[in-house]
Amino acid sequence: MADLKGTSVTWLGHATVLIATAKGTQILIDPFIEQNPKFPKGYQLPEKIDLLLLTHGHFDHVADAATVARKHNATVVAIYELVAWLQSKGVKDGVGMNIGGSYRQGDVTITLTEARHSSGIQDGDKVIYGGEPAGFVIAVDNGPVLYHSGDTSLFSDMQLIRELHHPDVAMLPIGDHFTMGPKAAAVATRYLGAKTVLPIHFGTFPPLTGTPETLEKELSGAGVEVLHTSPGKAIS
Ligand SMILES: [Zn+2]
């Protein structure tokens with residue numbers, strides 16, 4: 001297990017992850033709460049969420065974003081078009097970015113990374129252009145470097161993320177069907193050089209068939225720890 005130096009990471013089912021730094025900065029990624037069958041029952045989010053990071057515009061990543069941003073006074077960080085859409089839904093505090101750029105707040109530096117996916121936003125009976133899908137590198141001062149890939153296939157430029165950021169922990173989708181599955185996620189882990197992987201985006205719905213056990217088999221002998229965690233249990 002990578003040394004998280006006081007930072008805790010809590011998977012909340014699907015692609016939803018809560019990160020708390022040693023200094024107390026609360027970061028929530030892709031909140032999927034109301035319709036998420038894996039969201040831990042009765043789990044209370046912290047009263048104040050400093051940063052709300054959104055990887056792309058699909059409902060299972062942004063359905064609860066506007067509500068959470070308003071209720072928890074969060075600054076939303078995402079690709080430009082997605083932030084603009086949320087602002088049209090009453091979100092006040094947004095930082096619109098683009099791929100390759102970084103944003104600093106408190107003790108964290110957030111970098112928007114490439115992802116191979118789509119990002120249309122279902123808004124009523126229309127699908128709106130949501131900008132490019134993305135992932136995030138979250139570098140905590142005197143703490144770990146965390147990478148949440150968002151929904152993506154494997155892409156060889158993950159090697160650039162390794163070269164630029166050296167992630168300690170990679171949060172990668174393994175469910176298959178809408179993202180890569182375990183076999184590709186094992187190659188992704190190698191490209192990223194991460195020694196700890198938190199599998200996400202699996203088991204939520206029947207088509208998402210990849211499992212942490214399969215990822216572990218694919219990575220056997222690679223010296224990588226695959227975290228088996230139930231939603232709501234903090235890793236620190
Ligand atoms: Zn998606």
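Start at 1 and go down the list; that is how both ligands and their atoms are numbered. Every heavy atom of this structure was used, including side-chain atoms; hydrogens, water molecules and symmetry mates were not.
Within the 4.5 Å cutoff, the side chain of P37 has heavy atoms near those of the T204 side chain. Side chains of P144 and D3 form no contact here, defined as non-hydrogen atoms less than 4.5 Å apart.
Of all protein atoms, those that are N, O or S and lie under 2.8 Å from the Zn ion (ligand 1) total 4.
Shortest non-hydrogen contact noted between W11 and T16 is CD1-O, 3.4 Å.
Exactly one residue among V68, L52, L54, L86 makes a side chain to side chain contact (heavy atoms under 4.5 Å, CB included) with V62. That residue is L54.
Ionic pairing of R104 and D141 is present here: one or more N-O contacts between side-chain nitrogen and carboxylate oxygen are shorter than 4.0 angstrom.
Sorted by first and then second residue, the side chain to side chain donor-acceptor pair (under 3.5 Å) pairs involving residues 174-200 (not counting sequence neighbours) form an empty list.
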